[in-house]
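As structure tokens, the structure follows; a few thoughts come after it.
Numbers restart at 1 for each chain; the letters A, B, ... are given by sequence-line order, proteins then strands.
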Amino acid sequence: MLDKTYDPAEIEAKHYEAWEAKGVFASQVDSNAKPYTIMMPPPNVTGSLHMGHALTFTLQDALIRYHRMRGYDALWQPGTDHAGIATQMVVERNLAQDGRTRHDLGRPAFIDKVWEWKAESGGTITRQLRRLGASPDWSRERFTMDEGLSRAVVEVFVTLHKQGLLYRDKRLVNWDPKLHTAISDLEVESREVKGNLWHFRYPLSDDAERYVVVATTRPETMLGDTAVAVHPEDERYRDLIGRKVRLPLVGREIPIVADEYADPETGTGAVKITPAHDFNDFEVGRRHGLAMINVFDRDARIGGEAPVAYHGLDRYEARKRIVAEIEAFGLLEKVEPHTHMLPHGDRSGVVIEPWLTDQWYVDAATLAKPAIEAVEQGRTRFVPRQWENTYFEWMRNIQPWCVSRQIWWGHQIPAWYGPDGHVFVERSEAEAEAAARAHYGHDAKLTRDPDVLDTWFSSALWPFSTLGWPDRTPELARYYPTDVLVTGFDIIFFWVARMMMMGIHFMGEVPFRDVYIHALVRDERGQKMSKSKGNVIDPLDLIKDYGTDALRFTLCAMAAQGRDIKLAVGRVEGYRNFATKLWNAARYGQMNGCAPVPGFDPAAVSHRTNRWIVGALAQTAARAAEALDGYRFNEAAGALYQFTWGTYCDWYLEFTKPILNGSDEAAKAETRATTAWVLDQILHLLHPVMPFITEELWERLGADAGVARPQPLIAEPWPALEVSLVDPEAEAEMDWVVRLISTVRTVRSEMNVPAGAQIPVMLRDASPATLRRLEAHRGVITRMARLASIEVLSGPAPKGSVQVVLDEAALVLPLAEFVDIQAERQRLAKEIEKLSGEVAKIDQKLNNPSFVQRAPEEVVEEQRERRADAEAARSRYAEALARLQDA
RNA sequence: GGGCGGUUAGCUCAGCGGUAGAGCGGCGGCUUUACACGCCGUUGGUCGGGGGUUCGAUCCCCUCACCGCCCA
């Protein structure tokens with residue numbers, strides 16, 4: 001017998017271990033089943049499970065479990081990425097505790113340290129995924145620094161280089177002066193910063209009395225100014241175009257150029273141009289052939305070609321000093337407080353410096369073209385569709401992708417330089433040496449490029465590198481392209497776009513058919529969860545308090561397309577209650593001998609109540625499947641919740657109590673079998689969302705009844721329930737019973753009839769069909785409506801009785817002792833008023849000729865029927881009211 | 001400034017051309033032998049404002065307001 005309450009903690013680990021040990025998560029590359037594949041977006045190896053992970057992995061797991069049950073050969077490919085910068089930082093922080101830096105160790109020893117760290121601490125997130133019940137094929141787990149994946153990285157790098165799609169170039173990059181590496185646009189976050197707008201006077205070279213005022217938020221960059229730009233149409237400056245100013249402090253003469261980049265509305269309309277330290281200025285510099293003067297070193301201290309007097313000053317010290325000096329020269333026009341957005345490194349948190357360096361770039365624009373077409377042509381489909389716009393927007397304006405990073409942890413770039421700087425990009429050092437020999441005509445000393453690749457470079461290959469590419473493995477042939485990629489919108493640029501580019505280029509086909517973009521999880525006030533705000537809800541805490549299934553059900557129930565999830569703990573609690581409800585229903589079944597019957601045939605049940613629940617179940621199963629097929633997780637969860645609690649528990653289990661306590665042995669046996677069978681089906685349908693409690697109940701209900709379960713629930717087939725199981729007559733009949741009982745309950749409550757009191761009820765003007773229904777369900781009705789009796793009334797209603805309309809009949813409740821005549825009169829009057837309003841509203845429609853003429857016939861007909869029903873009910877209430885007046 | 005999304009019951013959210021729904025909360029009642037993490041009943045809404053299309057609009061179009069996110 002099951003315990004009185006469900007204790008998730010007790011059973012979750014047990015089932016997870018059993019599933020994993022049995023190998024049920026594993027894909028079957030040799031099977032004849034159709035494959036269904038999801039590539040897990042590899043979480044960062046340094047990461048730990050947060051709510052966003054919980055959501056995305058719950059949805060992916062629900063899809064995988066569902067398709068596995070549908071008979072597909074399901075592959076959910078798990079793994080982690082090596083998170084170059086983040087991981088290196090973690091290990092460096094550990095070294096710093098012993099007062100050491102990575103340079104003390106040297107590169108090879110440091111890399112060894114990182115691997116050591118990974119072995120010890122890199123498994124946190126995969127352990128936590130197991131707590132969440134995720135069922136990927138762990139036997140295929142990959143890491144982006146694995147040997148195989150590294151081979152794919154080299155192959156891609158070399159191939160792209162030979163194709164001219166990957167090259168070395170000197171451009172401005174986002175330089176992180178703390179980490180000393182380039183980072184991508186996507187690793188930069190804009191933060192609002194309060195600063196000033198300094199207005200400097202730049203005197204004209206040929207007229208020291210005149211000057212141009214430029215406004216800047218970054219005075220220190222003036223050391224690298226090579227022009228002043230004004231808008232060509234700006235009347236104020238028209239005569240200055242082509243003349244020169246003398247750059248204060250530096251003394252350099254720089255031109256005044258006309259460029260539309262200068263916005264007449266902003267500041268003074270004249271803007272200083274520092275091509276080596278600003279992305280926009282870089283473009284202006286290009287247009288006008290301006291010099292690029294680098295004035296920073298890698299720490300963002302003054303250096304390079306800046307006047308030596310300033311060398312070594314940190315950028316903020318330099319700012320103070322330059323402003324002070326400008327002021328001393330009388331060239332400071334004014335200072336205005338100014339708030340603006342500044343780029344910060346998302347890992348280091350420091351202000352990013354646009355800096356001129358040599359880096360490796362991928363020609364993203366070329367690779368993006370077929371990736372754009374694939375979505376335009378529908379070969380890859382975004383769900384919800386609107387995300388296509390985000391994808392297109394990004395892809396159509398894509399910039400060269402800087403893939404090199406000046407760190408140690410990652411895939412070292414397979415490029416070697418000869419003594420003269422000539423570069424050899426090859427698969428190995430030996431091949432590079434061979435290429436050098438061919439190039440120089442003799443052996444040459446080569447130096448390998450010390451840089452590593454952006455982590456996303458290797459992640460972009462994930463959909464095929466994990467399947468064995470560049471080898472032509474059976475897995476690759478079978479599982480690529482994958483079925484769906486599930487992720488949050490914040491990763492569209494980082495990852496989806498890049499997988500599309502690489503997948504199409506190297507595999508000739510899109511990496512996935514569907515991209516399901518889910519919402520972000522926010523706190524209950526709609527704020528993004530963040531450590532600094534202190535509003536983070538830890539999914540592991542929720543699991544501890546409410547169980548994994550409750551958390552998973554909550555996330556599915558709230559995963560409506562196109563809307564963020566504002567997570568309130570109360571919802572989790574509510575779905576914990578749902579799990580408990582399911583548990584208790586199972587327990588009730590056990591107590592009543594409702595054991596699973598092998599070979600049970602739902603089509604063969606004869607009792608109306610049983611036929612009804614079987615049909616309702618079939619409809620629910622269809623609804624849930626349809627919802628999951630369309631990624632409408634909330635609809636699937638809602639349909640299952642509603643059926644389990646609102647139909648099976650609230651009505652069916654109550655309807656069958658009189659049968660189970662009765663003496664009709666055949667009906668008892670059929671009802672017991674049906675009760676058990678429907679519950680078994682519910683367990684199947686809920687399993688993708690609530691794997692633990694369903695597995696536990698599946699096994700316990702079998703074992704306790706001595707019925708062998710052929711396999712664990714996770715491996716069971718999804719219920720195949722024909723729509724023919726729906727018996728419309730049974731449906732209508734039980735619906736009538738439900739409405740009759742509900743009606744009586746409402747009246748009792750409104751009349752303040754004591755809950756325990758059993759009252760008589762009479763039925764008037766009932767059709768023969770209704771009377772047959774009454775006879776069939778007399779026991780249930782009497783019990784559930786708490787009646788003393790229910791009889792047919794042929795004459796007028798007794799004095800002081802309450803009347804309610806139910807279809808063609810009237811329910812008469814002789815409640816004289818409870819009834820407050822005045823209140824009852826009011827109640828009836830209210831009903832009549834409501835129905836009159838209804839009739840009037842419908843009449844308005846029906847009296848409108850164009851409605852009758854233009855609306856579809858069935859809509860008009862429906863209105864007529866509704867009018868007739870409302871009218872009939874109104875006259876019955878009017879009659880009852882008249883009767884009350886006599887009393 | 002540009003783009004996207006949102007505004008529906010006290011709260012969190014579904015619905016999206018033909019009778020406004022759920023969960024939670026509120027209120028009232030219940031020692032009904034599965035379940036108080038429960039049962040029964042019930043109260044809550046000019047579907048953000050204004051125009052338009054339509055026989056008919058919460059739903060489609062325009063516009064305004066406010067909120068959020070992304071990009072400048």
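- Between the CG atom of A:N848 and the C1' atom of B:A57 there is a distance of 15 Å, rounded to whole Å.
- Along RNA chain B, the nucleotide nearest to A:N752 and the one nearest to A:A557 differ in position, and the one closer to the 5' end is contacted by A:A557.
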What pattern of brackets, bars and dots sums up RNA chain B from 5' to 3', given Watson-Crick or G-U wobble pairs under 3.5 Å, [ ] for crossing pairs and | for another strand? (((((((..((((....[..)))).(((((.......))))).....(((((..]....)))))))))))).

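- Between the C1' atom of B:C30 and the CZ atom of A:R783 lies a distance of 15 Å, rounded to the nearest Å.
- Between B:G28 and B:A65, the distance separating the two P atoms is 45 Å to the nearest Å.
- Rounding to whole angstrom units, CG of residue A:N280 and P of B:C71 are separated by 16 Å.
- Nucleotide B:G3 holds its P atom 16 Å from the CH2 atom of A:W387, rounded to whole Å.
- For residues 572-585 of chain A, the side-chain hydrogen bond (donor to acceptor under 3.5 Å, both in side chains) pairs, not counting sequence neighbours, are A:R571-A:Y575.
- Comparing the C1' positions of B:C11 and B:G44 gives an interatomic distance of 12 Å, to the nearest angstrom.
- Under the side chain to side chain donor-acceptor pair (under 3.5 Å) criterion, A:R778 pairs with A:E775, sequence neighbours left out.
- In this structure the side chain of A:I613 never reaches within 4.5 angstrom of the side chain of A:W651, judged on heavy atoms.
- A straight line from CD1 of A:I517 to C1' of B:C70 spans 14 Å, rounded to a whole angstrom.
- Here the OG1-NE2 distance, from A:T217 to A:H338, works out to 6.0 Å after rounding to the nearest 0.5 Å.
- Nucleotides B:C35 and B:C40 place their P atoms 14 Å apart, quoted to the nearest Å.
- Listed nucleotides B:C69, B:A34, B:A72 differ in distance to A:L653; the shortest reach to its side chain belongs to B:A34.
- Salt bridge absent: A:R218 and A:D278 never bring a charged side-chain N and a carboxylate O closer than 4.0 Å.
- As rounded to the nearest Å, B:U43 and B:G49 have C1' atoms that lie 28 Å from one another.
- The glycosidic torsion of B:G44 lies within 90° of 0, which places this base in the syn conformation.
- Straight-line distance from the CZ atom of A:R396 to the P atom of B:G3: 16 Å, rounded to whole Å.
- Considering A:N592, A:T609, A:N610 in turn, A:N610 is the only one that fulfils the side-chain hydrogen bond (donor to acceptor under 3.5 Å, both in side chains) rule with A:T671.
- Under the 4.5 Å side-chain criterion, counting only non-hydrogen atoms from C-beta, A:L828 is not in contact with A:Q803.
- No donor-acceptor pair closer than 3.5 Å links the side chain of A:R381 to the backbone N or O of A:V515.
- The CG atom of A:L701 sits 16 Å away from the P atom of B:A34 (whole-angstrom rounding).
- The side chain to side chain contact (heavy atoms under 4.5 Å, CB included) check on A:E388 picks up A:V375, A:F382, A:R385, A:F392, with sequence neighbours excluded.
- Nucleic acid contact class of A:R786 (heavy atoms, under 4.0 Å, all strands): base.
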Per-nt protein contacts along nucleotides 15-22 of chain B (heavy atom under 4.0 Å; B base, S backbone sugar-phosphate only, - none) come out as ---BB---

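- Between A:Y641 and A:F553, the ring-plane angle classifies as tilted under the 30° and 60° cut-offs.
- Under the 4.0 Å criterion applied to side-chain N and carboxylate O atoms, A:R396 and A:E376 are assigned as salt-bridge partners.
- If you take CZ of A:F279 and P of B:C71, they are 14 Å apart, rounded to a whole angstrom.
- Between A:K544 and A:D541 a salt bridge is recorded (basic side-chain N to carboxylate O distance below 4.0 Å).
- Annotation: B:U8 and B:C47 have their P atoms spaced 11 Å apart (nearest Å).
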Indicate for each nucleotide in nucleotides 35-43 of chain B, in 5' to 3' sequence, whether protein heavy atoms under 4.0 Å reach the base (B), only the sugar-phosphate (S), or nothing (-). B-BSSSSS-

